[in-house]
Amino acid sequence: MTKITPQPGIMEIALYVGGASHVDGVSDVVKLSSNENPYGPSPVAIEALRRASFELHRYPSTDHAQLRAAIGEIHSVDPDNVICGVGSDEVLQFIAQSFSGLGDEVIYTEHGFSMYPILAHAAGATPVKVPEAERVVDVNAILAACTDKTRIVFIANPANPTGTMIDLDECARLADGLPEGALLVLDGAYAEFVEGYDGGAKLVETRENVIMTRTFSKIYGLGGLRIGWGYAPRAIIDVLNRVRQPFNLSNTQLAAAEAAVRDVAYTEKCRTDNTRLRAWLAEALEAHGVPSDPSETNFILARFKDEAEASACDEYLKSQGLIVRKVGGYGLPNCLRITIGDEPACRRVAHAIGQFKGGAS
């Protein structure tokens with residue numbers, strides 16, 4: 001038997017499973033399982049990537065200065081306190097690697113993003129799962145779970161896969177109540193879908209223990225390029241940059257992301273369309289006896305009477321060429337997470353679920 005063994009915690013990691021993208025034997029498939037922007041990226045981002053492709057033989061910048069400047073300008077944050085990564089996942093990995101380890105605890109919530117316990121295990125820390133209150137982050141439960149071993153608290157706000165969120169006053173109460181030496185990480189992958197929401201940027205600027213992360217994979221439609229960023233006090237950014245690889249983002253990633261973040265009109269159109277269709281789909285499914293919590297994201301969490309009905313509906317949707325996401329692994333076996341697609345996709349989903357419920361009743 002080999003004597004080569006991994007670091008503690010590595011073998012505790014359950015492999016992450018992404019959303020399906022095809023159905024055997026079914027054509028005209030609509031993928032609504034990964035919360036992607038159905039309209040794709042901004043045309044100016046596509047053109048920026050095309051132009052950057054002529055410089056593939058050149059190394060990218062190591063400091064991401066132009067992208068950080070664009071992020072600072074559009075989001076009204078200090079670019080010196082921004083770090084960029086291969087998706088926000090890499091920034092979250094930097095945080096776990098830098099601020100947790102053996103003997104430490106990392107808190108996440110009952111239905112929180114499945115990468116949080118993975119990141120804790122990878123760092124050798126112990127993940128601690130805290131209950132939510134009817135699919136909403138419970139600040140009191142998190143604070144009650146904190147110990148002198150707590151180093152990081154991860155929450156997605158708005159949350160995946162529930163779509164719910166807590167207000168900034170509750171985020172501030174959580175940050176202020178954490179033990180000394182513990183960090184609050186506000187994962188804002190879906191922040192751009194909330195009108196007027198800064199993702200927690202002001203909390204970062206008024207506290208030493210708050211980090212905000214964001215992504216270009218959702219509203220900006222650049223999931224295939226993997227670009228994200230984080231915003232934190234300068235002392236924390238200095239730590240994170242010490243574990244970041246110098247060339248972690250390519251010229252094409254940097255160019256496309258800068259163009260995307262600057263195309264404010266396109267982002268606003270995507271947000272407006274998503275808000276309208278999200279409300280329509282939630283109302284349509286409610287009329288078919290499938291409720292969902294008010295969502296602040298680009299998906300809804302459809303609730304069925306039990307796991308059997310959710311699974312049966314998932315199979316029926318697949319037979320109709322509609323791929324959604326089962327979320328039993330998130331402790332929600334009676335639910336399906338449905339990405340808000342374009343209008344034809346939303347109407348197809350509502351019609352198919354109506355047919356399923358009509359035939360099941």
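From a predicted model like this one, the values you see are computed outputs, not experimental measurements.
Note: Phe113 and Phe154 fail the aromatic proximity criterion, with ring centroids not under 6.0 Å apart. Here the two rings, on Phe299 and Tyr190, have centers that are under 6.0 Å apart.
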Original post:
Between Ile338 and Ile353, is a side chain to side chain contact (heavy atoms under 4.5 Å, CB included) present by the stated rule, with each step listed?
Top reply: CA-CA 11 Å; Ile338 305 172; Ile353 291 179; 3.9 Å; yes

- Task: Just do the side chain to side chain contact (heavy atoms under 4.5 Å, CB included) check on Lys149 and Val128 with the steps written out, would you?
- Result: CA-CA 11 Å; Lys149 296 180 180 180; Val128 177; over 6 Å; no

Practice item. Go through the steps for Lys202 and Leu168 under the test side chain to side chain contact (heavy atoms under 4.5 Å, CB included), then give the verdict. Key: CA-CA 9 Å; Lys202 293 298 184 294; Leu168 286 174; over 6 Å; no

Run the side chain to side chain contact (heavy atoms under 4.5 Å, CB included) check on Val153 and Ile142 step by step: do they pass? CA-CA 8 Å; Val153 173; Ile142 293 174; 3.9 Å; yes

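With hydrogens and angles left out, the side-chain atoms of Asn274 and Arg271 include no donor and acceptor closer than 3.5 Å. A donor atom on one side chain and an acceptor atom on the other are not found under 3.5 Å apart for Asn35 and Arg325. Under 3.5 Å, the side chains of Glu315 and Ser311 contain no donor-acceptor pair of N or O atoms. No donor-acceptor contact under 3.5 angstrom links the side chains of Asn160 and Tyr330, judged on distance only. Judged by distance alone, the side chains of Glu105 and Thr147 do bring a donor and an acceptor atom under 3.5 Å apart.
Following chains of ILVMFWY side-chain contacts shorter than 4.5 Å, one cannot reach Phe247 starting from Phe94, and the two form parts of different hydrophobic clusters. Tyr116 is not connected to Val137 by any chain of hydrophobic side-chain contacts under 4.5 Å among Ile, Leu, Val, Met, Phe, Trp and Tyr, and they are in different clusters. In the hydrophobic clustering of ILVMFWY residues, with side-chain heavy atoms under 4.5 Å counting as a link, Val185 and Leu174 come out apart. Hydrophobic clustering keeps Leu178 apart from Ile152 (ILVMFWY residues linked when any side-chain heavy atoms are closer than 4.5 Å, directly or through intermediates). A continuous path of ILVMFWY side-chain contacts below 4.5 Å connects Leu143 to Ile107, so both sit in one hydrophobic cluster.
How far CZ of Arg242 is from CD of Gln97: 13.5 Å, rounded to the nearest 0.5 Å. How far CG of Asp63 is from CZ of Arg68: 5.5 Å, rounded to the nearest 0.5 Å. Separating the CG atom in Asp187 from the CG atom in Asp89 is a distance of 8.0 Å, to the nearest 0.5 Å. A distance of 11.5 Å separates CG of Leu203 from OH of Tyr231, quoted to the nearest 0.5 Å. To the nearest 0.5 Å, atom CG of residue Asp138 and atom CD1 of residue Ile166 are 9.0 Å apart. For the atom pair CG (Leu92) and OG1 (Thr213), the distance works out to 4.5 Å, reported to the nearest 0.5 Å.
One N or O on the side chain of Ser295 and one on the backbone of Thr297 form a donor-acceptor pair closer than 3.5 Å. Here the side chain of Thr339 pairs a donor or acceptor atom with the backbone of Leu32 at under 3.5 angstrom. Within the 3.5 Å criterion, the main-chain N or O of Ile219 finds a donor-acceptor partner in the side chain of Asn37. Of the possible polar contacts, none joining the Arg207 side chain to the Ala175 backbone as a donor-acceptor pair under 3.5 Å is found. Looking at Tyr197, its side chain does come within 3.5 Å of a backbone N or O of Asn157 through a donor-acceptor pair. When atom types are taken as modelled, the side chain of Thr164 and the backbone of Arg135 share a donor-acceptor pair closer than 3.5 angstrom. The backbone N or O of Gly101 sits less than 3.5 Å from a side-chain atom of Asp104, completing a donor-acceptor pair.
A salt bridge between Asp169 and Arg173 is absent, with no side-chain N of the basic residue lying under 4.0 Å from a carboxylate O of the acidic one. Salt-bridge annotation for Lys357 and Glu309: present, with a side-chain N of the basic residue lying under 4.0 Å from a carboxylate O of the acidic one. For Glu90 and Arg226, the salt-bridge test fails: no basic side-chain N is under 4.0 Å from an acidic carboxylate O. A salt bridge links Glu47 and Arg50; the closest N-O separation between the charged side-chain nitrogens and carboxylate oxygens is under 4.0 Å.
In Glu268, the CD atom is crowded: over 12 heavy atoms of neighbouring residues, nucleotides or ligands sit closer than 6.0 Å.
Looking only at side-chain heavy atoms (C-beta outward), Leu183 and Ile211 come within less than 4.5 Å of each other. Between Val136 and Thr162, every side-chain heavy-atom pair lies at or beyond the 4.5 Å cut-off. Residues Phe99 and Leu240 meet the side-chain proximity criterion, which asks for heavy atoms closer than 4.5 Å. Side-chain contact between Asp80 and Arg234 is present, with at least one heavy-atom pair separated by less than 4.5 Å. Cys313 is listed as a side-chain neighbour of Leu336, based on a closest heavy-atom distance under 4.5 Å. Looking at heavy atoms from C-beta onward, His121 lies out of side-chain contact with Ile118 at the 4.5 angstrom threshold. At least one side-chain heavy atom of Ile155 sits under 4.5 Å from a side-chain heavy atom of Leu186. Counting heavy atoms from C-beta on, the side chains of Ile237 and Val82 never come closer than 4.5 Å.
The minimum heavy-atom distance linking Glu258 with Leu67 is given by the pair N-CD1, 3.6 Å. For the pair Cys84 and Val91, the tightest heavy-atom approach, listed with the atom from each and the gap, is C-CG2, 4.4 Å. Taking both residues in full, the closest heavy atoms of Ala260 and Leu222 are given as CB-CD1, 3.8 Å, listed atom of the first, atom of the second, then distance. The shortest heavy-atom contact between Ala350 and Leu285 is CA-CD2, 4.0 Å. Ala255 and Ala48 make their closest contact through O-CB, 3.6 Å (heavy atoms, listed as atom of the first residue, atom of the second, distance). The two residues Leu317 and Ala352 have their closest heavy-atom pair at CD2-CB, 3.6 Å.
Using the six-membered ring where Trp is involved, His75 and Tyr220 have ring planes that are perpendicular, over 60° apart on the 30 and 60° scheme. The aromatic rings of Phe356 and Phe304 lie perpendicular to each other, with more than 60° between the two planes, well past the 30° mark.
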